[in-house]
Amino acid sequence: MNLINVENVAKAYGPKPLLDAVSLGLDEGDRVGVVGRNGGGKSTLVQVLAREVEPDAGRVTHARGLRLGYLTQRDVFPEGATVRSVVLGDRAEHEWAGDTRARDVLAGLLAGVDLDAPLAGMSGGERRRIALARLLVPESDLLMLDEPTNHLDIEAIAWLARHLKGRRVALLVVTHDRWFLDEVTDRTWEVVDGRVERYEGGYSAYVLAKAERSRIAAATEAKRQNLLRKELAWLRRGPQARTSKPKFRVDAAQALIADEPPLRDSVELTKFATARLGKTVYDIEDVTVRLGGGDAGRPIFERMTWRLGPGDRVGLVGVNGSGKSTLLRLLDGSVAPVSGTVVRGKTVQLAHLSQNLEELDPSRRVLESVEEIRRRITVGKREWTASQLLERLGFAGDRQWTPVGDLSGGERRRLQVLRLLMGEPNVLLLDEPTNDLDIETLTELEDLLDGWPGTLVVVSHDRYFLERITDHVVALLGDGRVSLLPGGVDEYLERRAAGTAETRTAQARAQEAPAAQPKPKGGQDWKARKELDRLERRLEKLSGQEAELHEQLAAHATDFVKLQELDGRLKEIQAEAARVEEEWLMLAEDID
């Protein structure tokens, strides 16, 4: 069933049209992600689809009785409203308490929030959760979400993705969070130059398809040029030139990535970083930090020990209030420990991008603002001018001569990041660097950081960005320490779902108790060794199946339905292999 239909819609603010003769439709079950540059027309498209804004030309038709839930970027609530009045309205407690979806939304987004608390004075993150809860509690045919992950932490984003995947509802979402796009959408619309280009699949499929389109366009142009050369040769040499025909074969996915080097040359970057930093970057020994300072404050870190080495690229995760920004301030020296020592390497040149950006001179031009730091820098093995870097981060042509005071929030964020990089630091602390940046700018920033040789610590709710530019993840789990997570963000979410660190410690001790039992002897020992052999054979078999699946994934690189099926089977085999390996290790421990 068609829910929304758009015919030849045009919309412009000023001389440049944001939408130009756009025709498209949304049907039941559609799950569409909308991407494009900031200011390119994404929010305008959603507003037109929702009939919040009238188009300059064309027609927008809604199905009769359409139940539309629309989340805007600004969370607006009535004066004097409470959480209960916004989310549940006048529903009686027994009524909403018996509603499974209402309970799930309240538990997922508003756990620990007093329903009778007034909204006045609440933080941006709390207000965003309340706006989402208000939207998700009722039944809807179509949800339109404009930047739903803004102000949400990684846990809340993961919950929202699970919730949306479990609901039978059409979905249109505008977001710069690429992990979220991959999780909840199966089609992508790119708003570019007044058009809406459509792609099958989520963000990853969109990137592949767009690259393939570019490759085909380049191949078509090369072929056209080749034909022109051949035509000229035919005129010069005669009819024999007519028989020459190009031959080629393309494996869609593999051809795109076959000759691509790794994202980063880790060995080379570490060598550069060590040359710039020496062996010591930061050694944090037995440090205690309390909120407000002094012995009476609430402990944030308790006898914490952590080391940062040259070339380390670390993603830092944790719930809001766990101390992520405090840890960065401890590194930059603006927070002093109550006890313990923080040793900073003598050659450390630190740059810290905080959430509260320092003021920029509004009267200066963009290029002047960067060149006052430095006119050119070397990133990796390449030298860049200030103008070239500005162009990479979205300040093309005349935009470099715009007064800083006329820039948007996202543009100021980009400018501040670039100013930090122009200082050529060897240690970079980034606190939520992706705020207000569009996907194209994020990919340029990621590419730039790939060649940056130094120590990097990143705090971000953007899971894609975090996993893309860092090599390992550490977490603040509320126990006053920094915990290394070999399993990355997935392990962090599993630990958070399992409960507090104290509960997990108690569970671990309970599981270790059987290990104190006497080790098997005699016949029992023989049986244990036989079981070990069986487990080893099982591991070998699973390893072979995993290798076979990887080959099949490569062979079906363009069949996204098949890819999804194969990926599911691969995850099952990897999970079983992990379980068998753990069983083997426990048994081997008993025999040794």
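- Residues meeting the salt bridge (Lys or Arg N to Asp or Glu O under 4.0 Å) test with Glu147, sequence neighbours left out: none.
- Across Thr82 and Leu119, no two heavy atoms sit closer than the pair C-CD1, 3.2 Å.
- Heavy-atom minimum distance, Leu485 versus Ala475: CD1-CB, 3.5 Å.
- For Glu183 and Arg162, the salt-bridge test fails: no basic side-chain N is under 4.0 Å from an acidic carboxylate O.
- Of the possible polar contacts, none joining the Thr441 side chain to the Leu437 backbone as a donor-acceptor pair under 3.5 Å is found.
- Side-chain contact between Asp286 and Thr341: absent, with no pair of heavy atoms (C-beta onward) separated by less than 4.5 Å.
- Judged by the 6.0 Å and 45° rule, Arg414 forms a cation-pi pair with Phe395.
- Side-chain atoms of Lys324 do not come within 3.5 Å of backbone N or O of Leu316 as any donor-acceptor pair.
- Annotation: the span from Ile157 atom CD1 to Leu493 atom CG amounts to 10.0 Å, rounded to 0.5 Å.
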Stepwise side-chain hydrogen bond (donor to acceptor under 3.5 Å, both in side chains) test for Ser369 and Arg419: CA-CA 8 Å; Ser369 181; Arg419 280 167 55 91; 3.0 Å; yes
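- Separation of atoms CZ (Arg303) and OG (Ser339) is listed at 7.5 Å; rounding is to 0.5 Å.
- No side-chain donor-acceptor contact under 3.5 Å links Tyr492 to the backbone of Val317.
- Using modelled atom types, no side-chain atom of Thr149 and backbone atom of Leu152 make a donor-acceptor pair closer than 3.5 Å.
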Intermediate values then yes/no, side-chain contact (heavy atoms from CB on, under 4.5 Å), Leu353 and Asp431: CA-CA 6 Å; Leu353 179 74; Asp431 197 351; 6.0 Å; no
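- A donor-acceptor pair under 3.5 Å links the side-chain atoms of Arg101 to the main chain of Val137, judged by distance alone.
- Put simply, the side chain of Arg128 never gets that close to the backbone of His151: no donor and acceptor are under 3.5 Å apart.
- The closest donor-acceptor contact from the side chain of Arg167 to the backbone of Leu136 lies under 3.5 Å.
- Judged purely by atom type and a 3.5 angstrom limit, Asp490 has no side-chain atom pairing as donor or acceptor with the backbone of Gly487.
- At a threshold of 4.5 Å between non-hydrogen side-chain atoms, the residues Leu171 and Leu145 count as touching.
- Remark: Asn150 CG to His461 NE2 distance equals 6.0 Å, nearest 0.5 Å.
- With contacts defined as side-chain heavy-atom distances shorter than 4.5 Å, the pair Val417/Leu415 does not qualify.
- From Arg329, atom CZ reaches atom CG of Asp332 across 8.0 Å, with rounding to the nearest 0.5 Å.
- The shortest heavy-atom contact between Leu160 and Pro148 is CD2-CB, 4.1 Å.
- Note on Asp406 versus Arg412: no salt bridge recorded, every NZ/NE/NH1/NH2 to OD/OE distance being 4.0 Å or above.
- Between Ser460 and Asp462, the side chains place no donor N or O within less than 3.5 Å of an acceptor N or O (distance only, hydrogens not considered).
- The shortest distance between side-chain heavy atoms of Phe301 and Pro337 does not fall below 4.5 Å.
- A side-chain donor from one of Ser43 and Asp146 sits under 3.5 Å from a side-chain acceptor of the other.
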side-chain contact (heavy atoms from CB on, under 4.5 Å) assessment of Phe77 paired with Arg127: CA-CA 9 Å; Phe77 304 107; Arg127 293 171 70 88; 3.4 Å; yes
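- A distance-only check finds a donor-acceptor pair linking the side chain of Asp182 to the backbone of Tyr203 [under 3.5 Å].
- Between Leu390 and Leu418, the closest side-chain pair of non-hydrogen atoms falls below 4.5 Å.
- The existence of a salt bridge linking Arg374 and Glu424 is confirmed by a sub-4.0 Å separation between a basic side-chain nitrogen and an acidic carboxylate oxygen.
- Between Trp179 and Leu466 the shortest side-chain heavy-atom distance does not fall below 4.5 Å.
- Closest heavy-atom contact between Ser322 and Leu476: O-CD1, 3.7 Å.
- At least one donor-acceptor pair closer than 3.5 Å links the side chain of Thr175 to the backbone N or O of Asp177.
- Salt bridge present: Asp447 and Arg392 bring a charged side-chain N and a carboxylate O closer than 4.0 Å.
- One finds the CZ atom of Arg84 at 4.5 Å from the CG atom of Asp116 (value rounded to the nearest 0.5 Å).
- Here Glu371 contributes atom CD and Gln400 contributes atom CD; the two are 8.5 Å apart, rounded to the nearest 0.5 Å.
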